[in-house]
Amino acid sequence: MMKRVNKIAIELPIPEHGDMNAAAAVQELMGGKFGEMSTLNNYMFQSFNFRGKKKLKPFYDLIASITAEEFGHVELVANAINLLSIGNTVPGDPDTAPLQNGKDARYSTHFTTTAQTAYPGDGMGRPWNGSYVNNSGTLVEDLLANYLLEIGARNHKMRVYEMTTHPTALEMIGYLLVRGGTHVIAYAKAIEVATGVDVGKMLPVPSLDNNQFDYAKKFMDQGLFNVLYTWGEADYRDINQIWKGANPETGETLRVIDGMPEGAAVPDLPEIPEQFAPGIDRDDYYQILKRLKSNM
């Protein structure tokens, strides 16, 4: 089962004005082939379908614990997209075309299908596709696929980072660059334990160091490049049999935290009457409030 905590992974800056095209670019990090919906669903189905959970428990624990974190990453990307939509339209009479900005936006889905909020699709409006999931049931094959998936996801994050200067987008991407890089190392270590091969040396992947991204530096300084979480459950603590020793990129000691990230408050999105969202006027609200309290 999954336990939900009403927080997001980090605090995101609440902008006075968003950027509709930055939101469109960030959509690729949500529902693209290498987006957070793909990392989540790859690891989630691998953990659900894992054969030999008891015999190969450290590997199962690793995939299961990263699955839990990926739920939070999907949530974080969604909230960044939602915040990037603040202030892009203003209320008005329907005949004044209050959503006219939507016709010039690259991602009109944000104005038609959603109420200027995240969509489970890529940066071009294509819905996320289940064929992006690799779950062969063969442990080493799946671990290698995960390693390459995380590398592809990191590459996409670096590119989207360079597409915008909006601080809300960059804060989110900076954090995910650090955590995604951590998962690259985690799967490389798992492959080495399973096969004896240092995949990082066998398949070196040239990429920029996290410290070259200003919005990633503070998360590096917090040591988030060196930790994995058990999410507070004793069931997944055997990840310490894989996640141990030194970080191969920094030389710092790897740590398993018996718990979860501290997190931050979930943004409370403002109403947007021009999108009829949430579509509850003052009179409706008081009627709902009355019904809610009727059985107290």
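Only heavy atoms go into these numbers, but all of them, side chains included; no hydrogens, no water, no symmetry mates.
- In this model, a donor atom of one side chain and an acceptor atom of the other lie less than 3.5 Å apart for Asn134 and Asp142.
- A heavy-atom distance below 4.5 Å is found between the side chains of Phe219 and Glu171.
- For CZ of Arg237, the number of neighbouring non-hydrogen atoms (other residues, nucleotides, ligands) closer than 6.0 Å is greater than 12.
- Ion pairing between Lys3 and Glu233 holds under the 4.0 Å rule for side-chain N and carboxylate O.
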Steps toward side-chain contact (heavy atoms from CB on, under 4.5 Å) verdict (Trp231, Glu69) | CA-CA 9 Å; Trp231 304 92; Glu69 182 168 359; 3.4 Å; yes
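- Of the listed residues (Asp238, Val193, Val140, Ile191), just one forms a side chain to side chain contact (heavy atoms under 4.5 Å, CB included) with Phe59, and that residue is Val193.
- Counting non-hydrogen atoms of neighbouring residues, nucleotides and ligands closer than 6.0 angstrom, the CG atom of Asp104 exceeds 12 such neighbours.
- With rounding to the nearest 0.5 angstrom, the CG atom of Asp19 is 13.0 Å from the CG atom of Leu83.
- Between Pro98 and Val90, the shortest heavy-atom contact is CB-O, 3.3 Å.
- Between His156 and Phe34, the ring planes are tilted. Angles from 30° to 60° get that label.
- Rounding to the nearest 0.5 Å places CG of Asn49 at 11.0 Å from CD1 of Ile63.
- Nearest heavy atom pair, residue Tyr132 against residue Gly31, reads CE1-O, 4.2 Å.
- Between Leu224 and Thr182 there is no side-chain heavy-atom pair separated by less than 4.5 Å.
- Residues Tyr187 and Tyr43 bring their aromatic ring centres within 6.0 Å.
- The aromatic rings of Tyr175 and His73 sit perpendicular, their planes meeting at an angle over 60°, well past the 30° parallel limit.
- For the residue pair Asn101 and Asn88, no side-chain donor N or O sits within less than 3.5 Å of a side-chain acceptor on the partner.
- The two residues Ile272 and Ala115 have their closest heavy-atom pair at CD1-O, 3.3 Å.
- To the nearest 0.5 angstrom, Leu177 atom CG is 10.5 Å from Asn155 atom CG.
- Between the NZ atom in Lys103 and the OG1 atom in Thr112 there is a gap of 14.5 Å [rounded to 0.5 Å].
- When all heavy atoms of Asp284 and Gly279 are compared, the pair lying nearest together is OD2-O, 4.1 Å.
- For Arg179 and Glu36, the salt-bridge test fails: no basic side-chain N is under 4.0 Å from an acidic carboxylate O.
- A 4.5 Å side-chain heavy-atom check between Ile242 and Leu228 finds every atom pair outside the cut-off.
- A side-chain hydrogen bond (donor to acceptor under 3.5 Å, both in side chains) with Gln116 holds for exactly one of Gln275, His110, Glu274; it is Gln275.
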Test log, rule side-chain contact (heavy atoms from CB on, under 4.5 Å), inputs Asn226 and Thr253 = CA-CA 7 Å; Asn226 305 312; Thr253 301; over 6 Å; no
Worked verdict on Lys217 versus Asp214 for side-chain contact (heavy atoms from CB on, under 4.5 Å) | CA-CA 5 Å; Lys217 285 181 180 178; Asp214 284 346; 3.5 Å; yes
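- A donor-acceptor contact shorter than 3.5 Å is absent between the side chain of Asn41 and the backbone of Gly130.
- A donor and an acceptor atom, one from each side chain of Ser38 and Trp128, are located under 3.5 Å apart.
- Two residues are said to be in side-chain contact when any heavy atoms from C-beta on lie closer than 4.5 Å; Phe213 and Leu208 meet this criterion.
- By the 4.0 Å N-to-carboxylate-O rule, Asp221 lies too far from Lys218 to be salt-bridged with it.
- Here the straight-line distance linking atom CZ of Phe225 with atom CD of Glu252 works out to 9.0 Å at 0.5 Å rounding.
- Atom CD of Glu150 is separated from atom CD of Glu70 by 5.5 Å, given to the nearest 0.5 angstrom.
- Of all the heavy atoms in Trp243 and Ile185, the pair that sits closest is CZ3-CG2, 3.7 Å.
- Using a 3.5 Å distance cut-off with no hydrogens or angles, the side chains of Gln46 and Asn146 do pair a donor with an acceptor.
- Minimum heavy-atom separation, Ala190 to Leu62: CB-CD2, 3.7 Å.
- Both Leu149 and Phe71 are assigned to one and the same hydrophobic cluster, defined by single-linkage of ILVMFWY side chains at heavy-atom distances under 4.5 Å.
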